[in-house]
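Contents: one structure, followed by commentary.
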2 protein chains.
Amino acid sequence: MPGYDLRLQAALDAAESVFAEKSYGLATMRDIAAAANLSVAGLYYYLPSKQRALGMVCGRAFQALSEGLERALSEAAPPDSQLRAFVRHHVGFITVSPAAYRVLLHDMEALEGEDRVAVHEIRRRYFARAADLVIAVQQQRTSSISTRIATAALFGMMNWTPMWYRGENESDASHVALEMSTLFLRGVAAPAEEPAAIA
Amino acid sequence: MPGYDLRLQAALDAAESVFAEKSYGLATMRDIAAAANLSVAGLYYYLPSKQRALGMVCGRAFQALSEGLERALSEAAPPDSQLRAFVRHHVGFITVSPAAYRVLLHDMEALEGEDRVAVHEIRRRYFARAADLVIAVQQQRTSSISTRIATAALFGMMNWTPMWYRGENESDASHVALEMSTLFLRGVAAPAEEPAAIA
DNA sequence: GGCGTTCTAACGAGCGTTCGAACGAATTTC
DNA sequence: GAAATTCGTTCGAACGCTCGTTAGAACGCC
């Protein structure tokens with residue numbers, strides 16, 4: 001029954017946008033039902049509860065984020081290019097799906113039970129993947145900055161994007177990604193070998 | 001009546017920590033009352049409403065943040081030192097008052113009416129002050145990165161700190177601030193004049 | 001006795017959730 | 001071929017509960 005799954009995704013879209021706009025605690029099932037063009041009881045045919053709706057929204061978002069990452073990284077080989085690809089993908093996701101990412105940033109802490117454990121595990125893996133890239137980049141250089149802080153700084157600058165980015169087309173987003181990865185790569189340390197020979 | 005103001009601050013402390021832990025939407029006045037060791041009605045003697053409590057918490061936090069900034073910047077003259085002082089102050093505030101900063105990051109959007117306008121104005125000024133520092137730093141260098149993105153990246157890496165920082169003493173925080181400002185200054189561009197003379 | 005402070009108890013509203021009926025399009029029955 | 005039946009889907013209406021907020025009385029210190 002493809003019709004059911006299509007309407008489930010539409011219900012999750014509605015929940016996602018309402019959570020993103022009002023935050024989980026202030027959002028009501030009546031808000032979500034209105035956004036989904038359903039009655040409240042009609043909405044419950046697709047979403048078992050408000051709490052599970054949050055879990056499904058978060059799970060769906062992180063799933064898309066993680067799958068996209070593997071696709072993006074498979075196209076680049078050297079550490080610098082891999083890191084640039086990672087930033088491009090991450091910033092791209094944030095700008096293409098701002099509502100989904102707002103929920104992940106803002107409301108993930110409101111998860112409980114199994115959903116909380118599962119989603120946190122996906123996130124942990126995603127972060128670990130990024131940390132590995134930072135380590136690979138640092139190993140090519142004489143980096144004085146701790147990996148822990150460098151990774152955190154990288155995520156910080158990317159995840160702050162929703163607060164100010166108002167770009168429209170995809171080239172705006174990849175421009176942001178390009179400048180951010182440049183700032184990061186240059187900031188983490190000068191390359192071990194300079195382009196011009198020293199002696 | 002110094003006793004009143006002391007207990008008002010205690011009530012705001014309670015509200016701040018509950019907001020930080022549960023987020024504004026999920027926090028209840030009963031939670032805050034319990035944290036303040038007051039009955040619900042007793043709490044209302046100090047806080048006119050939940051909404052105004054959020055406004056007062058945010059206002060108090062931004063006030064402290066802004067006042068501390070002026071103090072921190074008055075001690076450093078050259079642009080680089082000023083930016084380093086700014087980062088040290090900002091990261092210091094986040095690590096010393098994590099609850100306050102969590103509320104600012106997370107729940108400020110839930111503000112309404114006059115409180116919203118007033119707090120947003122303080123934030124705008126604070127951000128503008130930081131942007132000026134970034135401009136001053138960039139003018140000393142050949143920076144290829146847009147000021148807008150650079151400023152956003154700087155705020156992003158600093159504001160992400162609460163997500164991972166678990167340091168205890170003040171030296172941990174200033175170490176983080178040092179590495180972050182180094183990453184940023186080095187990343188924004190190479191200095192125009194090298195420390196060693198060129199010709 | 002007065003006043004600043006705190007309490008117990010309750011109000012009305014809105015919340016998440018559920019019940020039982022009604023819809024409509026297949027599918028079956030005669 | 002029309003009537004009856006099934007089943008996935010949607011609905012209006014309501015349940016019980018918790019929320020923010022308030023009234024009014026009691027406390028303790030000057």
Side-chain angles (χ1 to χ4, degrees), chain A residues 1-58 103 106-116, chain B residues 1-58 103 106-116:
Chain A
M1 193 75 69
Y4 174 86
D5 198 66
L6 225 61
R7 289 190 298 270
L8 168 61
Q9 296 302 324
L12 290 177
D13 288 344
E16 184 177 275
S17 76
V18 172
F19 288 158
E21 193 182 343
K22 306 186 130 189
S23 95
Y24 178 73
L26 257 24
T28 73
M29 292 303 267
R30 285 158 179 86
D31 293 332
I32 300 174
N37 275 111
L38 281 175
S39 70
V40 190
L43 179 68
Y44 270 89
Y45 185 72
Y46 295 99
L47 308 182
S49 71
K50 187 187 175 186
Q51 176 74 214
R52 291 256 5 187
L54 177 63
M56 293 161 87
V57 167
C58 289
V103 176
H106 211 79
D107 296 320
M108 228 187 72
E109 302 157 26
L111 282 174
E112 293 170 6
E114 290 183 34
D115 280 334
R116 183 183 181 85
Chain B
M1 193 78 67
Y4 174 85
D5 198 65
L6 225 60
R7 289 190 298 270
L8 168 60
Q9 296 302 323
L12 290 177
D13 287 345
E16 185 177 274
S17 76
V18 172
F19 287 158
E21 193 182 343
K22 306 189 130 189
S23 93
Y24 177 74
L26 256 25
T28 74
M29 292 305 267
R30 285 161 178 85
D31 293 331
I32 300 175
N37 275 110
L38 281 175
S39 69
V40 191
L43 180 69
Y44 270 89
Y45 185 72
Y46 296 98
L47 308 181
S49 72
K50 188 186 174 188
Q51 177 72 214
R52 290 261 5 203
L54 177 62
M56 291 160 89
V57 167
C58 289
V103 175
H106 211 79
D107 296 321
M108 228 187 71
E109 301 158 27
L111 283 174
E112 294 171 6
E114 289 183 34
D115 280 334
R116 183 181 181 86

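Side chains included, hydrogens not; waters and symmetry mates left out as well; all remaining heavy atoms used. Within every chain, numbering begins at 1; the chains are lettered A, B, ... in the order of the sequence lines, protein sequences first and strands thereafter. Given the structure is predicted, the values throughout are model-derived calculations rather than measurements.
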Parallel, tilted or perpendicular: ring planes of A:Tyr4 versus A:Tyr45, cut at 30 and 60 degrees: perpendicular
Taking atom OG of B:Ser23 and atom CG of B:Asp107, what is their separation to the nearest 0.5 Å? 5.5 Å
Drop me the distance from B:Arg52's CZ to B:Leu54's CG, to the nearest 0.5 angstrom. 10.5 Å
With rounding to the nearest 0.5 angstrom, report the CG to CG distance, B:Leu8 to B:Leu47. 7.0 Å
Using whole Å, report how far CG of A:Leu54 lies from P of C:dG16. 13 Å
Interatomic distance where CG belongs to A:Leu43 and C1' belongs to C:dT18 [whole Å]: 13 Å
Any donor-acceptor N or O pair under 3.5 Å, side chains A:Tyr24, A:Gln51: yes
Annotated protein contacts, base or backbone, on nucleotides 18-30 of chain D with a non-hydrogen cut-off under 4.0 Å, one of B, S, - each: -BBBBB-------
Between CG on residue B:Leu43 and CG on residue B:Asn37, distance to nearest 0.5 Å: 11.5 Å
Rounded to the Å, how far apart are B:Asn37 CG and C:dT6 P? 11 Å
Looking at D:dT10, I'd like to know if its phosphate oxygens (OP1 or OP2) sit under 4.0 Å from a side-chain N or O belonging to A:Tyr45. no
Distance check needed: C:dT6 C1' versus B:Leu8 CG, whole Å only. 16 Å
